[in-house]
Peer 1: 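One structure coming up, written as C-alpha cells, with questions to follow.
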Amino acid sequence: MMSILGFLLALVVGVFVAPILGGLITGVDRRITARLQSRLGPPILQPFYDVAKLLGKEKLLNNSWQAFCAYVYLVAAATSVVLFFLQSDLLLIFFVQAVGAVFLVIGAMSVPSPYSQIGAQRELIQVLTYEPLLVLVLAGIYVHTGTFKISGIYALEDPMLFKLPLLFLVLGYALTIKLRKSPFDISASAHAHQEIVRGVYTEFSGPYLAILEIAHFYEMVLILGLVSLFWSTSFVGMLVLVALTYLAEILVDNVSSRMTWRWMVSSAWAVGLTLTLINLLSLTM
Amino acid sequence: MHSTLMFILIILPFLAAIVCAIVPVKQVRSAVVVATGALLAVASLLLIGKVPFETSFTSMAGLPLASLTQLADFALLGVILYFGWKHKHQGIKALAIAQLVGLFVLEAFVMDHHAANMAFFADPLSLTLVLIISIVGSVICIHAIPYMENHEHHLRLTISRQPRFFAWLVLFLGAMNALVLTNDLLTFYFFFEVTTLCSFMLIGHDGNELATKNSLHALYLNSIGGLALLLGVGFFQIMLGTLNIQEILRLSPNAAYAMLPMALVCIAAFAKSAQAPFQSWLLGAMVAPTPTSALLHSSTMVKAGVYLVLRMAPGFVGTSLSTYVALFGAFTFLATAVLAVSQSNAKRILAYSTVSNLGLIIACAGINTPAAMAAALFLIIFHAVSKALLFLCVGTIEQRIESRDIEDMQGLFVRMPVTATLAVIGVLTMILPPFGMLMGKWMAIESAAANVPVIMMLALGSAITLLYWARWAGLLMSHPLKGGVTPEVQPMLTKYPLVALCGGAVVLSLLSPWIYSALIVPMLNAANAVNPQASFAAPYLSAKGILGADSGVFPVVPLFILLIAGMYLGVRVLKNAQSAREASIYLAGAQSRTDQTPDSFVGPANQPVKVVNANYYLTRLLPEEKVTCWVNTAAVLLALLLVVGGL
C-alpha cells in the first residue's frame with residue numbers, strides 16, 4: 001500500500017505538473033516540426049501563451065452541453081494521469097481515459113455543424129482503431145508480468161521492451177493515432193484548409209477550447225508514460241526511450257500526409273493484430 | 001416460509017395470469033399487475049436471507065406439482081404442435097413431434113421412478129436471477145400498463161387484446177422464477193419450453209402478418225434448443241442415472257462422455273440466448289410491443305440461456321468443452337457487435353447489443369475461472385437493469401416521435417428532456433466506468449488476458465461496442481443554447497419505472513463491492529462445494545469500496561466520489577454556460593444570413609440550403625446480410641466443434 005505522502009505526491013504531480021510537462025513537450029514538438037520544415041518556429045512556451053489567450057476570450061457556445069462535455073473530458077484526462085502516478089491498474093486507466101474520448105465525441109455531436117459532426121464520426125473510428133490495440137498491449141503486459149498494475153511493471157528486473165518488442169511497435173502505432181499525428185490526423189487536424197477544418201474541435205472556442213487543449217496536455221503525459229513503462233528499470237533508459245519514440249512520432253508526422261480512415265482501420269488492425277499475435281504467442285508458448 | 005415464498009414466486013404469477021385473461025376490466029387488470037409485481041419484488045427480497053437451501057414439495061397449496069408438470073409437459077408440446085399445424089410450419093411440427101416422442105420414451109422407459117416431488121434449490125446464482133426477474137421484470141410489466149393503452153389507441157382496436165397480453169407477461173415471470181429455482185433438469189426443461197411458448201405468444205401479439213411470421217420463427221429456433229435440451233436430459237439420465245442438477249455437477253467431471261449432454265445443454269442455452277447462428281429470432285422479436293422486447297432482453301428468456309450455461313459451468317471446468325464455449329461466446333460478442341454498427345434502428349441496435357453482451361457472459365462461463373464467473377454475474381445484473389431502461393426509453397420515445405430510427409432522435413433533448421437524459425445515462429452505464437457493466441467487462445478482459453484468441457476478440461468487440469453506443473448518445477443531446485426545451489409530461493406509470501431503473505443502474509453500480517461480497521463470493525463458494533476439483537476461491541478482495549487482487553484493482557467507491565464531485569461541478573459549468581453568447585454553427589463563411597434558420601448555408605441562386613448530418617453506419621463496408629451470412633457459417637462450425645469436441 002502506498003503511504004499518504006506518496007498518495008499526495010502522486011496527486012500533486014498528476015494534477016499540476018503533468019499539464020505543464022505536456023505543454024512543454026508540445027512546445028518542443030512545434031519547434032522541432034518547424035525546423036524540419038525549415039522554419040524557425042514559435043518559442044517553447046507558445047502553447048501556454050495560446051491557452052492563456054484562449055482562457056481570456058469571450059465565452060461563445062452553440063449548446064450548453066459543449067461546456068459540460070469539455071469539462072468532463074478534462075476531468076477524465078486528469079484522473080487517468082493521477083491513476084497512472086498512483087501506479088494503478090492499466091486497464092482501468094485506459095477505460096477512464098476512454099470516458100474523455102467519448103465525451104469529446106458527444107460534445108462535438110451535440111452541435112449540428114457538418115464539420116464537427118464529421119470530425120466526431122472520424123474520431124469514433126479512430127477510437128475504434130486504437131482501442132483494441134491498446135487493450136492487447138495491456139494484455140501482453142499482463143501475460144509478461146502477471147498483473148495489470150503498474151507497480152508490477154516496476155518490480156521487473158529487466159526492461160519490458162526485450163520481451164514485448166512487437167507490442168511496443170503496436171503501441172507506437174496506436175499512439176500515433178491518439179496523438180493526432182499524421183498520417184492519422186483524421187478527426188482533428190491542427191492545420192487549416194482541411195475538408196473538416198478542425199473536426200471535433202471546430203465548434204469549441206475561447207475558454208472551452210482552452211480546456212480541450214489542457215486535457216490534451218494531460219493525455220500526452222499519459223501516452224508517454226505508457227511508453228516509459230517499457231524501460232521501467234532505469235530513469236535514463238526511460239527518458240531515452242520516450243525521447244526517441246516521440247522524435248520518431250514527429251518524424252512520421254512530417255514525412256507523411258493524412259490518409260483516409262479506411263486505410264487507417266485496415267492497416268492498423270492488420271499490422272497491429274499480426275504483431276500482437278506473434279508477440280503474445282511467443283510469450284505464452 | 002420456503003413454501004410461501006415459492007408459492008408467491010412461482011404459482012402466484014400463474015394465478016394472476018388467469019385473472020388478467022378472464023377479467024376484462026382495465027382497472028382490475030392494472031391492480032392485479034401492480035400487486036403481483038409488488039408481491040414478487042418483496043418475495044424475492046425476502047429470499048435473500050434464506051439462501052442457500054434445498055427443499056422439495058410433493059404438493060403446494062393442494063396442487064400435486066410434479067405430476068402436474070409431467071402432464072403439462074405433454075400438453076405444452078401438444079400446444080406447440082397445434083400452432084405448427086395451424087400455421088403449416090413443417091419445422092415446428094417436426095420438432096414438436098420429435099420432442100413428444102423423446103419425452104414419451106424418457107418417461108416410459110428411461111426414468112424408472114421419477115420422484116413425484118418438486119425439488120427446489122436456491123443458491124446465490126439463482127437468487128440473483130430471481131431478483132432480476134421479480135424486480136426488473138415487474139417494473140417492465142408496470143410500465144407496460146400505460147404503454148399498451150397508447151399502443152392499442154394507436155392501432156385503433158375495437159376489442160382490447162390487453163387481457164391476454166398481460167396474462168402472458170406475468171406468466172412469463174412465474175415460469176422464469178420456476179426455471180431458475182428448480183433442481184430437476186426435467187422440470188427445468190418444462191419451464192424452458194413454457195418460456196418459449198410465452199415469447200411466441202408475446203411476439204405474435206399484434207397478430208399482423210409480420211408478427212405472426214416472426215413469432216413462428218422464434219418458436220422454430222427455440223424448439224431446436226428445446227430438442228437439444230431434451231436430448232441432453234435423456235443422455236444425463238442414461239449416463240449418470242440422475243437429473244438432479246447438483247448431482248450432475250458433482251458427477252460429470254469424472255463421468256466418461258458426460259461432455260456430450262453438457263454440449264447439448266449448451267446448444268439449448270445458445271438458442272435461448274439468441275447466440276449466433278440463432279440471433280435472427282431475437283431480431284425478429286423486435287416487431288412486438290416494446291414491453292415484450294424489454295422483458296425478453298433484460299429479465300426473462302435470453303437470461304434463461306446464460307443462466308443455464310453458468311449453472312452448468314462448474315460441471316465442465318477444465319475440459320475442452322469449456323475452451324470451446326469461451327471461443328464461441330467471444331466470437332458472438334465480436335460478430336454481433338460488428339452487426340450492430342450498421343444499424344440505425346434503435347431496437348435493432350439494442351437487440352444486437354444484447355446478443356453481444358450475452359456472448360461476453362458465455363465467454364466468461366467458458367473461461368470458467370473464479371474471476372470470470374464473477375464477471376459473468378456482474379454482467380447479468382447490470383445488463384438487466386440498463387437494458388430494461390434503454391428499451392423502455394426507446395418505447396417511450398417511439399410513441400412520441402413515431403419512429404425508432406436513431407437519426408430521427410437528433411436533438412431529442414429539446415422535445416423530451418427527461419427521457420433523452422435517462423436514455424443517455426442508460427447508454428453511459430453500458431460503456432463507461434465506474435458503472436457496473438464496464439466493471440464486468442474489465443473483469444472479463446483481465447481474466448481472459450492470457451487466452452490469445454479470446455482476448456483478441458474481446459478487445460475488438462469492446463471497441464466496436466463503444467462506437468455504436470457513443471454515436472447514439474451524442475445524437476440525443478444536441479439542442480440550442482437558450483430556450484427551446486419543452487418540459488416533458490408523462491403518465492406516472494411511464495415516468496417512475498424509467499427513473500427507478502436509471503437510479504437502479506447507478507446505485508447498484510455504486511454498491512458493486514458489496515454485491516460482490518454478498519452474492520458473488522457465496523456463489524463461488526457454492527460452486528466450490530459442488531465441484532472442489534475446480535478451485536473457485538474468491539478472486540478479489542473487497543475493502544473500503546475497492547475491489548482488488550494481485551492482478552488488478554478497480555476502486556469503485558473512490559471513482560464514484562470523483563463522479564459525484566465531477567457531476568456537481570459539471571452542473572455548475574452547465575449553468576454557467578447559460579451566460580455565454582450563442583454562436584451559430586460554423587459553415588466556412590457560407591452561413592445564410594438573410595434566413596431565419598441559422599443552420600443553413602447559401603446555396604445556388606442565393607437560396608438557403610439546410611445542413612443535414614447523419615452518422616456513419618459503414619453499411620458499404622459491413623452490409624448486414626453479407627456479414628450475417630459469414631457470422632452464421634462460422635457460428636455453426638463453432639457449435640459443431642462444441643458437440644464433436646465434447647465427445
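Within every chain, numbering begins at 1; the chains are lettered A, B, ... in the order of the sequence lines, protein sequences first and strands thereafter.
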Peer 1: Tell me, for A/Val72 versus chain B, whether the close heavy atoms (under 4.5 Å) come from the side chain, the backbone, both or neither.
Peer 2: neither
Peer 1: Any side-chain heavy atom of B/Asn576 within less than 4.5 Å of one from A/Lys59?
Peer 2: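 Result yes, sub-4.5 Å side-chain heavy-atom pair found.
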Peer 1: I need the minimum non-hydrogen distance between A/Leu136 and B/Ile455, along with the two atoms involved.
Peer 2: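 Result for this residue pair: CD2-O, 3.9 Å.
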Peer 1: Is it the backbone or the side chain of A/Ile125 that comes under 4.5 Å from a heavy atom of chain B, or both, or neither?
Peer 2: both
Peer 1: Between A/Phe68, A/Phe95, A/Tyr208, who has the most heavy-atom pairs with chain B when the cutoff is under 4.5 Å?
Peer 2: A/Phe95
Peer 1: Mind listing the closest non-hydrogen atom pair of A/Leu92 and B/Pro555 along with its distance?
Peer 2: CD2-CD, 3.2 Å
Peer 1: B/Ala588 versus chain A, heavy atoms under 4.5 Å apart: side chain, backbone, both or neither?
Peer 2: both
Peer 1: Which bit of A/Leu273 is near chain B, if near means a heavy-atom gap under 4.5 Å: side chain, backbone, both or neither?
Peer 2: both
Peer 1: Contact between B/Ile445 and A/Tyr142 at the side-chain level, heavy atoms closer than 4.5 Å - yes or no?
Peer 2: no
Peer 1: I'd like to know which of B/Ala459, B/Gly566, B/Pro434 tops the heavy-atom pair count under 4.5 Å against chain A.
Peer 2: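 Most heavy-atom pairs under 4.5 Å with chain A: B/Ala459.
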Peer 1: What are the two closest heavy atoms between A/Pro114 and B/Leu587, and how far apart are they?
Peer 2: CD-CD2, 3.6 Å
Peer 1: Sort B/Leu428 into side chain, backbone, both or neither according to what part of it lies under 4.5 angstrom from a heavy atom of chain A.
Peer 2: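 Contact with chain A: side chain only.
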Peer 1: I'd like to verify something: which residue of B/Ala448, B/Gly461, B/Gly474 has the highest number of heavy-atom pairs under 4.5 Å with chain A?
Peer 2: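 Maximum pair count with chain A is reached by B/Gly474.
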Peer 1: Could you tell me which portion of B/Leu458 (side chain, backbone, both or neither) has an atom closer than 4.5 angstrom to a non-hydrogen atom of chain A?
Peer 2: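 For B/Leu458, no heavy atom lies under 4.5 Å from chain A.
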Peer 1: Heavy atoms only: give me the nearest B/Ser584-A/Asn62 pair and the separation to one decimal.
Peer 2: C-ND2, 3.5 Å
Peer 1: Against chain B, label A/Phe103 side chain, backbone, both or neither, depending on which of its atoms sit under 4.5 Å from a heavy atom there.
Peer 2: side chain
Peer 1: Of the backbone (N, CA, C, O) and the side chain (C-beta and beyond), which part of A/Leu138 lies under 4.5 Å from a heavy atom of chain B, both, or neither?
Peer 2: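 A/Leu138 has no heavy atom closer than 4.5 Å to chain B.
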Peer 1: Side chain from CB out, backbone as N, CA, C, O: work out which of these in A/Phe94 comes under 4.5 Å of a heavy atom of chain B, or both, or neither.
Peer 2: neither
Peer 1: Do the side chain of A/Thr147 and the main chain of B/Asp550 share a donor and acceptor less than 3.5 angstrom apart?
Peer 2: yes
Peer 1: For B/Val452, run the side-chain contact (heavy atoms from CB on, under 4.5 Å) check against A/Leu283, A/Leu280, A/Thr276 and tell me which one passes.
Peer 2: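 Of all the options given, the one that passes is A/Leu280.
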Peer 1: Carefully, step by step, assess B/Asn615 and A/Met109 under the rule side-chain contact (heavy atoms from CB on, under 4.5 Å).
Peer 2: CA-CA 10 Å; B/Asn615 283 327; A/Met109 282 192 74; 3.3 Å; yes
Peer 1: Would you say A/Gln121's side chain and B/Tyr616's backbone share a donor-acceptor pair under 3.5 angstrom?
Peer 2: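 Yes; judged by distance alone, with no hydrogens or angles, the pair exists.
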Peer 1: Against chain A, label B/Leu475 side chain, backbone, both or neither, depending on which of its atoms sit under 4.5 Å from a heavy atom there.
Peer 2: both
Peer 1: So, does A/Glu203 use its side chain to make a donor-acceptor pair with the main chain of B/Tyr586 at under 3.5 Å?
Peer 2: yes
Peer 1: Based on non-hydrogen pairs under 4.5 Å, which of B/Leu467, B/Val424, B/Val612 is most in contact with chain A?
Peer 2: B/Leu467
Peer 1: Heavy-atom pairs under 4.5 Å with chain A: which of B/Val611, B/Thr465, B/Ile431, B/Leu460 has the most?
Peer 2: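 Between B/Val611, B/Thr465, B/Ile431, B/Leu460, the count favours B/Leu460.
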Peer 1: Can you confirm whether A/Asn63 sits close enough to B/Met477 that some side-chain heavy atom of one is under 4.5 Å from a side-chain heavy atom of the other?
Peer 2: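 A/Asn63 vs B/Met477: side chains apart.
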